[in-house]
S.K.: 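Please read through the structure below; I'll follow up with questions.
The basis for the numbers below is simple: all heavy atoms, side chains too, and nothing from hydrogens, waters or symmetry mates. A, B, ... follow the sequence lines: proteins, then strands. Residue 1 opens every chain.
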Amino acid sequence: MARFSDSTSLAQGVTRAVFLRRAAAAGAAVSLAPLLAACGSSGGGAGTTASSAGVALDELGQVEGTLRLMTYAGYEGGDPIKPWLRRSGVDLKTTFINNQDDVTTRLRTPAGRRTDAAQLGLAQLDQYRELGLAYPLQPEWFSNLDAMIPFFKDLVADDDGTLTTMPFVWGGLGCNYLPSKTGELTSWRELTEPRFKNRIAMIDDPVSTVQTGALAVGIRDPSRMTVDQLAEVKEFLLAVKANARTVAAGYGDIADLLAAGDVWASFQGWNAVESFAGAKGAVVKTAYPQEGTVGFVDSFFVQVGAESKGTAVAFIDQMISKEMQAYCGNDLASGIVRLDAAPLVRGPAARAFDYDRLDELFRTKLVFALDAPLRGDGDVATHEDWVATWEDVKAA
Amino acid sequence: MRARLLGATLLAPLGAVFALLLVVPLGIGLWYSFRVGSIFGIETTLTLDNYRQVLERDAFWTALRTSVVYGAGTAIASLLVGFAIARYVRFERPRLAGFIVGAVMLSVLGGYLVRIYAWRTLLSDNGVFNSALEQVGAIDGPLRLLFSPGAVILTLGSIYAPYATLLILAGLENVRDDELDAARDLGAGTVRTYRLVVLPLIGRSLLLAFSLVFLLAAADYVIPPLVGGPGTQMVGALVANQFLATGDTPMGAAFGFMTLLLLAFVVTLVWAAMRVLRLLPREGGRR
């Protein structure tokens, strides 16, 4: 999911580096696609599940030295993490990503396999479990885990009590809109109405777009939808696309389009877009339509072959500390995973979520949906089917 | 013989680099394209099924058509602009050649992202063009300039036209004044002189400029979604998706090779058309 766009400003579009990389990839992909393939590993797909049973924290290694992290810009902790890095003697080397696919792809390369910890979106949780990429986390390794809202802990807990990954921020991919142009929005289906002709921006993200389309047509568990249901979703997405003016590259782009008045609403959006567009003087709201809104949870996992597992665990523990959670709420405009940090979140970010009524939000509005399975399972649509569907919608 | 040997020796390092960085990876990729992809891996089974799937995908043909249309549109627009600038420099203001070439080179060095967003600022509903037109009372409401095919070709052209300009200028530098004088002495007007003398003499430059801009523009999948409408799915995005979103390297390689083949076919058609129109010098002619 291409949510973050710049290492200095979340409100800007995709970074220059991302553009250059994409441009290079565009040329290379067409003329030198095999080169990319050749540079990657030809190793097999599904990995084996590692075990951390009985491993004590001090057996993971000293907290020191270089920590190789792969994540979105901003998720590395910005300035607030620096005092901890200094105290711990940790040299943080971050590889910035544009979406989750970057992590999956780079972990196949020799350089990527040196990564200690990396970003994992909840949608891909089962896929990473299947691929065996994450080192199981023992709850007792984390001093800050007790303060975490149990809902998030439960989302990533495995049957043996370990955690595949550690959530630290969350949010909702609702519908961003200009209330002055559209009035209140209550249903995704409103975006197919004629009044929205050429006034919708879609986001170029196959997984969350298909998930949102599934919710809009009444499928409560998108990850288990059948091929026939996926066809129904495709029809709905085509109807939305008929009103679309563009398919945006990222949420920073959506904020720009709304702020400029080029579009009136997005399918789908992100609560942080309100802040981004607000910084440009536009009043943008986020609707959580009655059919449901895709919720996301971003987390850090420890790479199964990490050299600095102890340092990675300590860093992740720090990211769920009270002070770093305040940073996540304020600077990343994200939902946070511990309630005692909520009073430290101020300004527009504090209005994004009512932390006193999270249960209601999670029960009635947000659906924390998973991606489709990687392998075929009866008539259940696969991840590849989802990507192909989105490609078809875009090409239509 | 000695000159040939010297030439071959001097070219050997370049040939080695070319083989190492292009031929070998292409060969490996071609080999992968006949293998079966597993989840983020490659199996040993050989198959032609990847190519069959590529050819059966409607999205591939739609995206390819979009890429060819935008690529060709950008290439033609770039040739027209490039030829106009190069002709002006070569025949009207040769003393300004250094300055204009420098300006063209400067635009190449400009930021890719900056230029895209500059065009978005200019073309948006509340952008500079629409605001100016509204202020002078030429329009009542904003024109749909952004997110249109014209915006795509304009933006792609602004980025790739400098390459065409430099290539055409290099071609025109080889057109001798006495050849133009001879044409005029034989009674040819301006149009006939250009049609029968100038264009054939710079045919190779035109073909090279077209091919370069066409391939770069057709392969670009960053610009079209940013300034084009929702129907600007380029074939490069499909190729990238196979590698990144589905992790199917063999399928990505098959998509890549089919694209390479079909875009090369388009360039071959242009070459053949130029041959038929006698815009390319015959073998043995002056190069």
Side-chain angles (χ1 to χ4, degrees), chain A residues 13-16 19-20 22-23 25-46 99 101-102 104-105 108 127 130-131 198 200 202 204 206-207 241 244-249 253 256-257 260-262 374-375 383-384 387-388 390-392 394-396, chain B residues 22 24-30 32-33 38-42 57-59 62-63 66 111-113 116-117 124-126 144 146-147 215-216 218-222 225-226 228-231 233-241 243-250 252-253 255-257 259-260 263:
Chain A
V14 179
T15 59
R16 172 188 166 82
F19 268 93
L20 292 177
R22 284 186 175 179
V30 170
S31 59
L32 296 174
L35 175 62
L36 298 175
C39 291
S41 163
S42 60
N99 54 46
D101 296 334
D102 284 348
T104 316
T105 306
R108 299 168 60 211
Q127 292 181 357
E130 185 178 347
L131 294 169
N198 286 322
I200 304 293
M202 300 179 86
D204 193 4
V207 174
K241 195 200 162 203
R245 195 162 181 204
T246 188
V247 178
D253 208 19
D256 287 344
L257 292 165
D262 289 330
L374 291 172
R375 299 173 198 279
H383 173 72
E384 196 174 342
V387 174
W390 178 233
E391 286 172 348
D392 289 345
K394 282 201 300 176
Chain B
L22 189 69
V24 171
L26 276 173
I28 294 170
L30 186 63
Y32 279 174
S33 72
S38 61
I39 299 163
F40 291 100
I42 300 169
R57 281 288 302 278
D58 288 342
T62 309
T66 305
Y112 180 78
L113 175 63
I116 295 171
Y117 272 89
S124 78
D125 285 3
N126 297 319
R144 292 284 166 81
L146 190 59
F147 305 123
L215 291 173
L216 288 172
D220 193 316
Y221 67 94
V222 175
L226 284 172
Q233 165 92 321
M234 302 289 274
V235 74
L238 280 184
V239 177
N241 269 349
F243 287 104
L244 301 175
T246 61
D248 192 341
T249 298
F255 264 100
F257 273 98
T259 303
L260 188 63
L263 293 184

S.K.: Which atoms of A/Ala388 are under 4.5 Å from chain B, going by heavy atoms: the side chain, the backbone, both sets, or neither?
M.R.: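 Both backbone and side chain of A/Ala388 come within 4.5 Å of chain B.
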
S.K.: Can you give me the closest heavy-atom contact between B/Asp125 and A/Gly261, atom names plus distance?
M.R.: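 Closest heavy-atom pair between B/Asp125 and A/Gly261: OD2-O, 4.3 Å.
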
S.K.: Checking A/Asp256 against B/Tyr117 for the side-chain contact (heavy atoms from CB on, under 4.5 Å) test, could you report, in this order, the C-alpha distance in whole Å, the side-chain angles of both residues, the deciding distance, and whether it holds?
M.R.: CA-CA 11 Å; A/Asp256 287 344; B/Tyr117 272 89; 4.2 Å; yes

S.K.: Closer than 3.5 angstrom, by distance alone: can the side chain of A/Thr104 be matched with the main-chain N or O of B/Leu244 as a donor-acceptor pair?
M.R.: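 Side chain of A/Thr104 to backbone of B/Leu244, a donor-acceptor pair under 3.5 Å: no, none is there.
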
S.K.: Rounded to the nearest 0.5 Å, what separates atom CZ in B/Phe147 from atom CG in A/Leu257?
M.R.: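 The distance works out to 4.5 Å.
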
S.K.: Is there side-chain contact between B/Leu226 and A/Asp253, with heavy atoms separated by less than 4.5 Å?
M.R.: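 Yes; the side chains approach each other to less than 4.5 Å.
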
S.K.: Looking at residues at least two apart in the chain, or sitting in another chain, which of them share a side chain to side chain donor-acceptor pair (under 3.5 Å) with B/Thr66?
M.R.: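 Result, side chain to side chain donor-acceptor pair (under 3.5 Å) vs B/Thr66: none returned.
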
S.K.: Do A/Arg108 and B/Thr249 touch side chain to side chain, with heavy atoms closer than 4.5 Å?
M.R.: yes

S.K.: Please flag which part of B/Arg57 lies under 4.5 Å from any non-hydrogen atom of chain A: side chain, backbone, both or neither.
M.R.: side chain

S.K.: Which residue is it: B/Leu238, B/Thr62, B/Thr246? I am looking for the one with a side-chain contact (heavy atoms from CB on, under 4.5 Å) to A/Glu391.
M.R.: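 It is B/Leu238; the other options fail the test.
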
S.K.: Quick check on the interface: out of B/Pro230, B/Ala59, B/Gly228, who has the most heavy-atom pairs with chain A under 4.5 Å?
M.R.: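 That would be B/Pro230.
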
S.K.: How close do A/Asp262 and B/Ser124 get, counting heavy atoms only, and between which atoms?
M.R.: OD2-CB, 3.4 Å

S.K.: If you count every heavy atom of other residues, nucleotides or ligands that lies below 6.0 Å from B/Asp58 atom CG, does the total exceed 12?
M.R.: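 Open: at most 12 neighbouring heavy atoms sit under 6.0 Å from CG of B/Asp58.
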
S.K.: To the nearest 0.5 Å, what is the distance between CG (A/Asp204) and CD (B/Gln233)?
M.R.: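 With rounding to 0.5 Å, CG (A/Asp204) is 7.5 Å from CD (B/Gln233).
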
S.K.: A/Arg245 and B/Leu146: which non-hydrogen atoms are nearest, and at how many Å?
M.R.: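 Between these two residues, the closest heavy atoms are NH2-O, 3.6 Å.
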
